[in-house]
There are 2 protein chains.
Amino acid sequence: MQDSLSQTFSALADPTRRALLARLSRGDANVSDLAKPFMKDMSLPAITKHLKVLEKAGLVTKSKDAQWRPCKLNGAPLKDAVNWMEHYRVFWEESFDRLEIYLKGKKR
Amino acid sequence: MQDSLSQTFSALADPTRRALLARLSRGDANVSDLAKPFMKDMSLPAITKHLKVLEKAGLVTKSKDAQWRPCKLNGAPLKDAVNWMEHYRVFWEESFDRLEIYLKGKKR
DNA sequence: CTTACATTTAACCAAACAGTTAATTAACTA
DNA sequence: TAGTTAATTAACTGTTTGGTTAAATGTAAG
């Protein structure tokens with residue numbers, strides 16, 4: 001079993017799964033709706049598996065409506081991931097020189 | 001070959017690699033310095049491999065100083081990752097009710 | 001009760017991943 | 001030149017990942 005940050009990042013490390021999240025960000029959808037744009041490229045069970053990864057990471061929740069399984073995006077795990085990354089903001093946001101100054105300031 | 005966002009996320013999806021980045025955020029270090037805290041748990045070649053993953057993702061750059069390989073953190077790829085996640089901020093930041101309202105507003 | 005639809009599970013496979021130990025390369029030092 | 005240190009490469013292994021096809025499950029509709 002992985003720590004939850006690792007689970008979140010590895011769930012995001014796949015373009016199909018990111019596309020599923022993007023789709024869900026525009027509204028809830030059941031499995032076959034989610035699968036539709038990918039059916040040229042992969043089978044339905046493949047999508048089921050990707051959704052399971054997203055569910056285990058807590059990024060998607062499924063409910064029941066007759067034979068359908070409406071899926072919902074849950075952003076909470078992304079908050080932790082972004083919080084982790086924010087510690088590194090200085091390493092991309094500041095210019096090189098300002099970064100140098102910042103680091104030298106920290107050492108004192 | 002993967003897209004760069006997938007590469008970034010999968011590089012981050014490992015606690016050892018995140019710890020290496022955390023160490024580098026406190027200053028440059030060569031390979032054996034970086035490895036030291038992990039030597040109880042894994043071998044030096046394992047660290048070399050983790051560093052290679054981070055290098056391929058563009059998160060770390062190595063230079064040469066005699067037999068040492070000083071490593072430096074490069075935050076740039078994190079910027080793209082955070083930018084991607086920012087699209088989902090509304091899904092963790094707003095309360096459930098406000099999120100509902102927001103989504104209903106978008107549909108019109 | 002049978003059929004159709006939505007989804008999942010099972011069984012399998014190839015490729016990638018994360019580690020190992022042993023050997024190798026490269027540079028400094030005595 | 002011989003020995004030491006830093007790091008990488010090679011070869012191997014077990015596990016995980018991402019996909020497949022075929023079968024099974026569960027629900028609704030005739």
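Numbers restart at 1 for each chain; the letters A, B, ... are given by sequence-line order, proteins then strands. Here the structure is a predicted model, which is why all the values come from computation and not from measurement.
- Rounded to a whole Å, the CG atom of B:Asn30 is 16 Å from the P atom of C:dA27.
- Distance check: A:Leu54 CG to A:Thr8 OG1 gives 10.5 Å after rounding to the nearest 0.5 Å.
- Atom CZ in B:Arg69 sits 8.5 Å away from atom NZ in B:Lys62 (nearest 0.5 Å).
- Taken to the nearest 0.5 Å, the CZ atom of B:Phe91 stands 5.0 Å off from the CG atom of A:Leu73.
- You'll find that the side chain of B:Pro45 is closest to D:dT8, out of D:dT21, D:dT8, D:dA6.
- In the set D:dT20, C:dC28, D:dT8, D:dT20 carries the atom at the smallest distance from any side-chain atom of A:Ala46.
- Rounded to whole Å, the distance from CZ on A:Phe9 to C1' on D:dT17 is 19 Å.
- Residue B:Thr48 is classed as a base contact, given a heavy-atom separation below 4.0 Å to a base.
- Residues A:Met42 and B:Leu51 both approach DNA chain D. Their nearest nucleotides, taken by heavy-atom distance, put B:Leu51 toward the 5′ side.
- Picking from D:dG19, D:dA6, C:dT8 the nucleotide with the shortest atom distance to the side chain of B:Ser32 gives D:dA6.
- Nucleic acid contact class of A:Asp33 (heavy atoms, under 4.0 Å, all strands): none.
- Which of D:dT20, D:dT8, C:dT7 sits closest to the side chain of B:Arg69 comes down to D:dT8.
- Contact annotation: A:Lys49 does not reach the phosphate of C:dT8 (side-chain N/O to OP1 or OP2, under 4.0 Å).
- In this structure, of D:dT5, C:dT20, D:dA28, it is C:dT20 that holds the atom nearest to the side chain of B:Ser43.
- Look at CG on A:Leu54: it is 14 Å from C1' on D:dT17, rounded to the nearest Å.
- For the OP1/OP2 pair of D:dA7 and a distance below 4.0 Å, the side-chain nitrogens and oxygens of B:Lys64 include no atom meeting the criterion.
- The nearest heavy atom of DNA chain D to B:Leu44 and to A:Ala13 marks one nucleotide each, and the one closer to the 5' end goes with B:Leu44.
- Remark: A:Met85 CE to B:Asn83 CG distance equals 10.0 Å, nearest 0.5 Å.
- Remark: P of C:dA18 and CG of B:Leu20 are 13 Å apart, rounded to the nearest angstrom.
- Taking a cutoff of 4.0 Å between a charged side-chain nitrogen and a carboxylate oxygen, A:Arg89 and A:Glu86 qualify as a salt bridge.
- Atom C1' of nucleotide C:dT7 and atom CD1 of A:Ile47 are separated by 13 Å, given to the nearest angstrom.
- Distance CG/B:Leu20 to OG/B:Ser25: 11.0 Å, rounded to 0.5 Å.
- Checking D:dA7, C:dG19, D:dT27 against the side-chain heavy atoms of B:His50 singles out C:dG19 as nearest.
- Taking 4.0 angstrom as the limit, A:Arg17 places a side-chain polar atom (N or O) nearer than this to OP1 or OP2 of D:dG18.
- One can place NZ of B:Lys52 at 14 Å from P of C:dC17, the figure rounded to the nearest angstrom.
- Of the candidates D:dT27, D:dA6, D:dT8, the closest approach to any side-chain atom of B:Gln67 belongs to D:dA6.
- B:Lys62 places its NZ atom 8 Å from the C1' atom of D:dA7, with the value rounded to the nearest Å.
- One atom, CD of B:Gln2, and another, P of D:dT17, lie 13 Å apart when rounded to the nearest Å.
- Side chain of A:Val31, nearest nucleotide from C:dT20, D:dG26, C:dT8: C:dT8.
- Across all strands shown, A:Asp65 has no heavy atoms under 4.0 Å from either base or sugar-phosphate atoms.
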